[in-house]
Number of protein chains: 2
Amino acid sequence: MDNFLEPCISGDFTQYSRTSGVAGVRLGPPLFPTAPLTPLGSFSVPGAQGSLTLGHDAPRHHRRGAPAFVNRAAGPPPEDPRPSERPEAGGAAEEDDPKVHLEARELWRQFHKYGTEMVITKSGRRMFPPFRARCTGLDRRARYILLMDVVAADDCRYKFHNCRWMVAGKADPEMPKRMYIHPDSPATGEQWMSKVVNFNKLKLTNNISDKHGFTILNSMHKYQPRFHIVKANDILKLPYSTFKSFLFSETEFIAVTAYQNDKITQLKIDNNPFAKGFRDTGNGRREKR
Amino acid sequence: MDNFLEPCISGDFTQYSRTSGVAGVRLGPPLFPTAPLTPLGSFSVPGAQGSLTLGHDAPRHHRRGAPAFVNRAAGPPPEDPRPSERPEAGGAAEEDDPKVHLEARELWRQFHKYGTEMVITKSGRRMFPPFRARCTGLDRRARYILLMDVVAADDCRYKFHNCRWMVAGKADPEMPKRMYIHPDSPATGEQWMSKVVNFNKLKLTNNISDKHGFTILNSMHKYQPRFHIVKANDILKLPYSTFKSFLFSETEFIAVTAYQNDKITQLKIDNNPFAKGFRDTGNGRREKR
DNA sequence: ATTCTTCGCACCTAGGTGATAACT
DNA sequence: GCAGTTATCACCTAGGTGCGAAGA
């Protein structure tokens, strides 16, 4: 594998996988002029997760009446893995060929058909539909960091004219890109695979001075969300680690400050629980307007 | 320092500090028969945080247009530390003598005066007042894990009789103790010191089968919250690390399933924003009752 | 005039309160 | 009856929606 992106279509999604290149060198464009996959280059540190795993599975289980650390996982703690003894180093290798399944794919497609729009505001706005994914093929014992970012899909500026999106010139300069690290990171493959990974708290903004860590986008530009799986037990190791990246073309969208296409507005109202007040049906006030 | 607790009164609070003992050995009671300070014994790993700190302060700062990882801190990212160059190993040692200041101490004292009660429910209940603390004296560059637990304050069962709390026998057996790890853990000393550390999401329950990781308590028993600072960059290192523990006697409380003392009820209503509906003053419905 | 952005708003979801009555 | 627990409720906080008028 060289230092550049290797796109490979894998049925469900487009996957890019590579090891970081040399620090500061711009890597080949994943989509367009924008950010490389990993923030800093350098050598990767593969399989660094083993040395930190305690031999006793201690922190998650009661042992001799000692306290347990249990609040890291939102749901019920994983079952006790002790019955199946840990293989020694050199034993059977654990699986590590991640696959990702996009949740609510059909809903994403309904939006995509009309051209998905996402509102961006100064105070930050969530995406709808929310980006949710189901992972398989992770090493159950290894620890992973899962992240998302949003990159330019092309170098155009758009306008909505005569009920159509049209190219309206060259893109404005891109904002510094930010990685949204899933708040459960780092966690074991077992933990990630046990539930849907939800990125709904990621927020989009057009405020170039944003101090919350939100993703800063240009209005009337087209974007592509990306999902990354990194085998690493510590955030600090991220820049030196291998990213496995997954792109779903149906999650592409145009950032707007106000919806342009009425069909998109209606899909949002019909499907986002927080917009229930605008529905025609039911108890909403919509009928009176 | 030996393996047992060394209580030392430090003006504001009672501090215990020790290194873990041998695995499985019950340590001297911090308050009563209950849990030792650290879950698993063994050798400690002091100062392990240095080797993981990247030389470039990379993950938090934009370098040559690379993306930054910024969503780990809720507030604004810390200022760029680059101007003050990092001292080489062997240079001036950073401060590491943590002090803790309990927030809303006066409110805690008002409750304590009447005998603080905390409701416990099957579905989990927060504490009020919330446990919040301000830390100083941390090594700004080192990484820490901050935690809380709640331990028995004595071995008595209580009853509320004639408007007084009275001992009503020997304590029931204690539930397995759980450590509540602050969700921002691990984070740098700089990050912890930059804001009040809020443990308001810790929940108390009387459900011995609880699967959420809440703190399980016995009703009509007296408890003491404890706050712990651990210099460690990874949750997995917790069992082998040194705990510095801080106890504030005014945060002691009795767990109840329904309030016993009307004075406590009124203090809760007057001060907890979520109970505003029960206040006599203002827009509340209380006047009509 | 046109296009795009901002702000306050009514209307929701989600969930934290003590009161109350029923239950054990 | 008594003492303690549970479930349900009205009433809040906190914050995510698109709307529509006003602003740039």
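Here is how names work: the chains are called A, B, and so on, in the same order as the sequence lines, proteins then strands, and each is numbered from 1. For clarity, every value in this text was computed on a predicted model and none was experimentally measured.
Side-chain N/O atoms of B:Asn206 include one lying less than 4.0 angstrom from OP1 or OP2 on D:dT6. Here B:Asn200 does not reach the OP1 or OP2 of C:dG16: none of its side-chain N or O atoms lies under 4.0 Å away. Not one side-chain nitrogen or oxygen of A:Lys159 sits closer than 4.0 Å to the OP1 or OP2 atom of C:dC4. One finds no side-chain N or O of A:Lys276 lying less than 4.0 angstrom from the OP1 or OP2 phosphate oxygen of C:dC11. OP1 and OP2 of C:dG18 both lie 4.0 Å or more from every side-chain N or O belonging to B:Arg279.
Nearer to the 5' terminus of DNA chain D, by closest-nucleotide assignment, is the contact made by B:Arg157 (compared with the other of B:Ala275 and B:Arg157). Toward the 5' end of DNA chain D, the nearer of the two residues B:Ile120 and B:Pro273, judged by each one's closest nucleotide, is B:Ile120.
Contacts of B:Ser219 with the nucleic acid, taken as non-hydrogen atoms under 4.0 Å apart, involve only primed sugar atoms and P, OP1 or OP2. Within 4.0 Å of A:Lys203, counting heavy atoms only, lie sugar-phosphate atoms of the nucleic acid but no base atom.
Distances from the side chain of B:Met220 to the nucleotides C:dA10, C:dT17, D:dG4 place D:dG4 closest. Among C:dC7, C:dT13, C:dG15, the nucleotide with an atom closest to any side-chain atom of A:Phe274 is C:dT13. When the nucleotides C:dA19, D:dT17, D:dG4 are ranked by their closest atom to the side chain of B:Thr257, D:dG4 comes out on top.
In this structure, CG on A:Asn218 lies 5.0 Å from CE on A:Met175, to the nearest 0.5 angstrom. Here the straight-line distance linking atom OG of B:Ser185 with atom CD1 of B:Ile229 works out to 10.5 Å at 0.5 Å rounding.
Every ring-ring contact (aromatic ring centres under 6.0 Å, His included) that B:Phe160 has, sequence neighbours left out, goes to B:Trp165. B:Trp108 pairs by the ring-ring contact (aromatic ring centres under 6.0 Å, His included) definition with nothing, not counting sequence neighbours.
Not a single donor-acceptor pair, N or O on each side, falls under 3.5 Å between the base of C:dG15 and the side chain of B:Arg126.
Atom P of nucleotide D:dT5 and atom CZ of B:Phe160 are separated by 15 Å, given to the nearest angstrom. The CG-P distance, from B:Asn198 to D:dA14, rounds to 12 Å in whole Å.
Ring geometry for B:Phe199 against B:Tyr180 counts as perpendicular: the plane angle is over 60°, on a 0 to 90° scale with 30° as the lower cut.
A:Glu252 and A:Thr116 form no side-chain donor-acceptor contact under 3.5 Å, judged by distance and modelled atom types alone.
Shown are B:Thr205, B:Leu204, B:Leu202; of these, the side-chain contact (heavy atoms from CB on, under 4.5 Å) with B:Phe214 is made only by B:Thr205.
If you check residues 258-265 of chain B against DNA chain C, the residues with a heavy atom closer than 4.0 Å are B:Tyr259, B:Thr265, listed by number.
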